[in-house]
Amino acid sequence: MADIEALNGETFELASNAYRSADNESLAWMRAEAASVLGQIALRTDGDYGRALSEEALRYFEAQQMHDMVANELYMSAFSWWRQRDSQSLKNAEQLFRRSAEAAQRADNPFGVAYAEAGLCGVLEQQGRVAEALQSCRASLPKLKGIWHITEYSTNVNYAAALLANKEPGQAMLILESLAKDWPEWDVGYHGYRYYFIRGQTYAALGHYEAAVSDLNVALNELLEFGDNSWARNNRLIQARFRVEQLVQSLERKTQEAAEKDRRHRLLLVSGVIVTLLLSVIVMLLLRHRRFYRRMAFTDPLTGLANRRSSEARAQEAFAHAKARQQPLFIALLDLDRFKTCNDRYGHDAGDEALKRFAKVADKVLRPGDVFGRWGGEEFLLVLQGVDRDEANTILERLRSAAAAERLKLAPDYPLHFSAGVVGLQHDTEQLAELLTLADQALYQAKEAGRNRSYFAKDYAVLN
Ligand SMILES: Nc1nc2c(ncn2[C@@H]2O[C@H](COP(=O)(O)OP(=O)(O)OP(=O)(O)O)[C@@H](O)[C@H]2O)c(=O)[nH]1
């Protein structure tokens, strides 16, 4: 009672006097009016006391068919139930708001109807009856538009809450944004709390967790600043604070989860990139290996020259080409002289050095188009295209003197001499093999003749 008097001292005093004085039948109307005023003041902080007074006023107004007053009484009473927020109180509030709407209808008072519908909008929303809440909000809001009263403001907030519950956070945010524009003065105070509370949840539903947490913190501060000594109000504040804190916690968790998800996505992306890179490296290595492998299949590993298989294939190509165009072609088989003695005297490594050195010299002396490969052991194949017999001889002699000029490290006394059996493509040559046989025979003859020389196979009709 002390609270009530402190809040509404003068009005309460006057109404109390009137209420107490009007104690006979003829002043029943005055007593009812006084009860109504007292009830409205009391309902703000002490529901039971206020409702008892309101009931008394209501009985009188109903008996007198004062529908307007009935609607008002019912509305105030409903409102007091609504404030208690437990499920039974919400049901009571709903019933009273419905009765208030009917009475306002009978009084032909559209504002009264709109107020009752606005109350229903909030009460139904808080009961989770979203579809009915939306219906009531939509029915009341156009009629409340422009009255610039807290009811219009809070009904919009309730409508936004119902839209949010109906999984329409985008629509809810539109309403909340226009409210912030049209009602800047409601940014603070108790009603601001609910605004930020709903907007925070709407932000959360839209995935803006940081904004959500910040709004809910504002709502929390609003509640903490809104001080009142009334136990009922404190109780509500504590409950609301508790709910907000719970929500803030769960949103912080969600923010963390979102960050964790984001981290996992990044990790996945990074590992994807790493796997792709690794795969590319593996593919690259495989390709390199394959290239190397292929090269090795055609290369003599000691000298780096074309091996027998490859030299023969290239000789075959050159043979077919020259034959088709009737162009001259010389084939020579070269064999290092007394190579065995090099191995025997200086060792196998010295022999290897001789083979490598000879390959190097040939590489320098010969033209890039000439085919030069290791035929086997200390034997080499040389294919000279587009040269006549004299030119072929000149090339071989150039190679001979260049090789002879070499001094080997491991076999300083071994002269890098070679014998060569040479044969030219003849008009009637059918196969490369024929030329190879003739070159081999000529090589034998060069050896027989004393080595370190070239011997040309007998050529009756060499292409020149
Ligand atoms: N170091 C080394 N020796 C090889 C290689 N391939 C073959 N030889 C050796 O070359 C020698 C060839 O000897 P021979 O066929 O008797 O011929 P030669 O000693 O050159 O005598 P002529 O051909 O008659 O002048 C053998 O001892 C083979 O072991 C090789 O890759 N490295």
Side-chain angles (χ1 to χ4, degrees), residues 291-316 330-366 370-384 389 392-424 432-459:
R291 271 204 300 275
F292 177 75
Y293 187 79
R294 277 180 67 86
R295 206 174 61 234
M296 292 318 286
F298 296 106
T299 309
D300 168 51
L302 180 72
T303 59
L305 294 172
N307 62 13
R308 182 172 181 136
R309 186 157 71 119
S310 171
S311 325
E312 191 169 354
R314 289 170 65 187
Q316 186 64 52
F330 280 86
I331 288 199
L333 281 173
L334 285 62
D335 187 285
L336 296 185
D337 291 333
R338 306 205 188 282
F339 187 62
K340 191 171 176 310
T341 59
C342 173
N343 270 336
D344 292 350
R345 190 168 162 203
Y346 299 106
H348 204 78
D349 285 350
D352 283 357
E353 189 196 356
L355 292 167
K356 283 194 271 188
R357 187 70 69 83
F358 186 62
K360 229 178 192 162
V361 172
D363 185 57
K364 261 195 233 151
V365 169
L366 299 171
D370 297 332
V371 176
F372 188 70
R374 190 168 177 201
W375 198 243
E378 80 290 16
E379 231 180 330
F380 299 85
L381 174 74
L382 174 63
V383 181
L384 300 167
R389 184 193 157 115
N393 191 44
T394 307
I395 292 167
L396 281 164
E397 288 318 303
R398 210 166 50 224
L399 177 59
R400 184 180 310 289
S401 54
E406 292 292 321
R407 281 293 158 269
L408 300 178
K409 263 192 224 149
L410 299 177
D413 292 333
Y414 176 70
L416 208 48
H417 291 170
F418 69 88
S419 302
V422 194
V423 61
L432 173 69
E434 296 166 31
L435 294 181
L436 289 169
T437 307
L438 287 172
D440 197 41
Q441 288 167 1
L443 172 62
Y444 180 77
Q445 284 171 310
K447 293 270 182 192
E448 283 291 298
R451 300 183 172 81
N452 194 24
R453 69 195 61 214
S454 304
Y455 191 90
F456 281 74
K458 250 198 172 137
D459 43 3

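The structure presented is a predicted model; accordingly, all values stated were derived computationally and were not measured. Start at 1 and go down the list; that is how both ligands and their atoms are numbered.
Looking at residues two or more places apart in sequence or on another chain, you find a ring-ring contact (aromatic ring centres under 6.0 Å, His included) between F418 and F358. Residues passing the salt bridge (Lys or Arg N to Asp or Glu O under 4.0 Å) test with K340, sequence neighbours excluded: D344. Partners of S310 according to the side-chain hydrogen bond (donor to acceptor under 3.5 Å, both in side chains) rule, which considers only residues two or more places apart in sequence or in another chain, do not exist here.
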Ligand 1: which protein N/O atoms lie under 3.5 Å from its N/O atoms?
| residue | atom | partner | partner atom | Å |
| --- | --- | --- | --- | --- |
| ligand 1 | 1 (N) | N343 | OD1 | 2.9 |
| ligand 1 | 1 (N) | H348 | O | 3.1 |
| ligand 1 | 1 (N) | D352 | N | 3.4 |
| ligand 1 | 1 (N) | D352 | OD1 | 3.2 |
| ligand 1 | 3 (N) | N343 | ND2 | 2.8 |
| ligand 1 | 17 (O) | E378 | OE2 | 3.3 |
| ligand 1 | 19 (O) | F339 | N | 3.2 |
| ligand 1 | 19 (O) | K340 | N | 2.7 |
| ligand 1 | 20 (O) | L336 | O | 3.2 |
| ligand 1 | 20 (O) | R338 | N | 3.4 |
| ligand 1 | 20 (O) | F339 | N | 2.8 |
| ligand 1 | 20 (O) | E378 | OE2 | 3.3 |
| ligand 1 | 23 (O) | D335 | OD1 | 3.1 |
| ligand 1 | 23 (O) | K447 | NZ | 3.0 |
| ligand 1 | 24 (O) | R451 | NH2 | 3.0 |
| ligand 1 | 25 (O) | R338 | N | 2.7 |
| ligand 1 | 25 (O) | K447 | NZ | 3.0 |
| ligand 1 | 25 (O) | R451 | NE | 3.0 |
| ligand 1 | 31 (O) | R374 | NH2 | 2.6 |
| ligand 1 | 32 (N) | D352 | OD1 | 2.8 |

Derivation and outcome, side chain to side chain donor-acceptor pair (under 3.5 Å), residues S419 and D335: CA-CA 5 Å; S419 302; D335 187 285; over 6 Å; no
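Between F380 and F372, the ring planes lie parallel to each other; the angle is under 30°, not in the 30° to 60° tilted range.
A cation-pi contact, defined as under 6.0 Å to the ring centre and within 45° of the axis, links R389 to F456.
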